[in-house]
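Counting begins at 1 with the first residue of the sequence.
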Amino acid sequence: VDDNVISGTLPTEIGAWSAVSDWQAQKNPLSGTLPTEVGAWSNLERFVVSNAAISGTIPTEVGRCSKMRHFVVFNNELQGAIPRQLGAWTL
């Protein structure tokens, strides 16, 4: 869904999308926070949401995505420290 006009927040219901392995939504006017439910995506290998308006912190639950290889969230409004749980990834 790169470079579309998808706007609004990411709903918490996305946690039910457990088969997602590649989520790329860069260059969209997404806002709000990253839902903690992203941590339920056990097959997630690539998560790219850059050039958006995502705010808040990176949820520690994202560290549960043990297959993660690419996590790209630059050019957003994120704050705070990078959760230490992300250190378990083998990028």
Side-chain angles (χ1 to χ4, degrees):
V1 292
D2 286 348
D3 206 8
N4 285 293
V5 188
I6 298 170
S7 62
T9 60
L10 293 172
T12 58
E13 291 82 8
I14 64 174
W17 304 348
S18 59
V20 173
S21 63
D22 190 343
W23 176 260
Q24 297 187 53
Q26 57 203 16
K27 297 181 185 175
N28 283 292
L30 293 169
S31 60
T33 60
L34 288 177
T36 59
E37 290 78 7
V38 170
W41 292 358
S42 58
N43 292 312
L44 188 62
E45 295 180 21
R46 181 188 310 245
F47 184 86
V48 181
V49 178
S50 57
N51 298 305
I54 300 295
S55 61
T57 60
I58 298 171
T60 59
E61 291 82 357
V62 174
R64 294 185 199 150
C65 300
S66 61
K67 296 181 180 180
M68 186 73 75
R69 298 294 174 259
H70 302 278
F71 184 74
V72 182
V73 292
F74 70 85
N75 205 16
N76 279 289
E77 299 173 14
L78 293 167
Q79 301 175 12
I82 296 171
R84 68 172 183 258
Q85 290 82 350
L86 276 59
W89 293 342
T90 54
L91 302 177

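Side-chain contact between Leu44 and Ser21 is absent, with no heavy-atom pair separated by less than 4.5 Å. Put simply, the side chain of Val62 does not reach to within 4.5 Å of the side chain of Gln85, judged on heavy atoms. The shortest distance between side-chain heavy atoms of Asp22 and Phe47 does not fall below 4.5 Å. At least one side-chain heavy atom of Val73 sits under 4.5 Å from a side-chain heavy atom of Leu78.
Of all non-hydrogen atoms in Ala25 and Asn28, the two that sit nearest each other are O-ND2, 3.3 Å. Of all the heavy atoms in Ile14 and Pro35, the pair that sits closest is CD1-CG, 3.8 Å. Taking each heavy atom of Leu30 and Ala52 in turn, the nearest pair found is O-CB, 3.8 Å. Smallest separation of non-hydrogen atoms from Gly39 and Cys65: CA-SG, 4.0 Å. Smallest separation of non-hydrogen atoms from Ala40 and Gly15: CB-O, 3.7 Å. Of all non-hydrogen atoms in Glu77 and Ala53, the two that sit nearest each other are OE2-CB, 4.0 Å.
In this structure, Thr33 OG1 and Gln79 CD are separated by 11.5 Å, a value rounded to the nearest 0.5 Å. With values rounded to the nearest 0.5 angstrom, Met68 atom CE is found 7.5 Å from Leu86 atom CG. Here the CG atom belonging to Asn76 is positioned 7.0 Å from the OG atom belonging to Ser50, to the nearest 0.5 angstrom. In this structure, CD in Glu45 is found 8.5 Å from NE2 in His70, a value given to the nearest 0.5 Å. Between the OG atom of Ser42 and the NZ atom of Lys67 there is a distance of 6.5 Å, given to the nearest 0.5 Å.
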Apply side chain to side chain contact (heavy atoms under 4.5 Å, CB included) to the pair Phe74 and Asn51, showing each step before the final yes or no. CA-CA 7 Å; Phe74 70 85; Asn51 298 305; 3.9 Å; yes
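The closest donor-acceptor contact from the side chain of Trp23 to the backbone of Val49 lies at 3.5 Å or more, if one exists at all.
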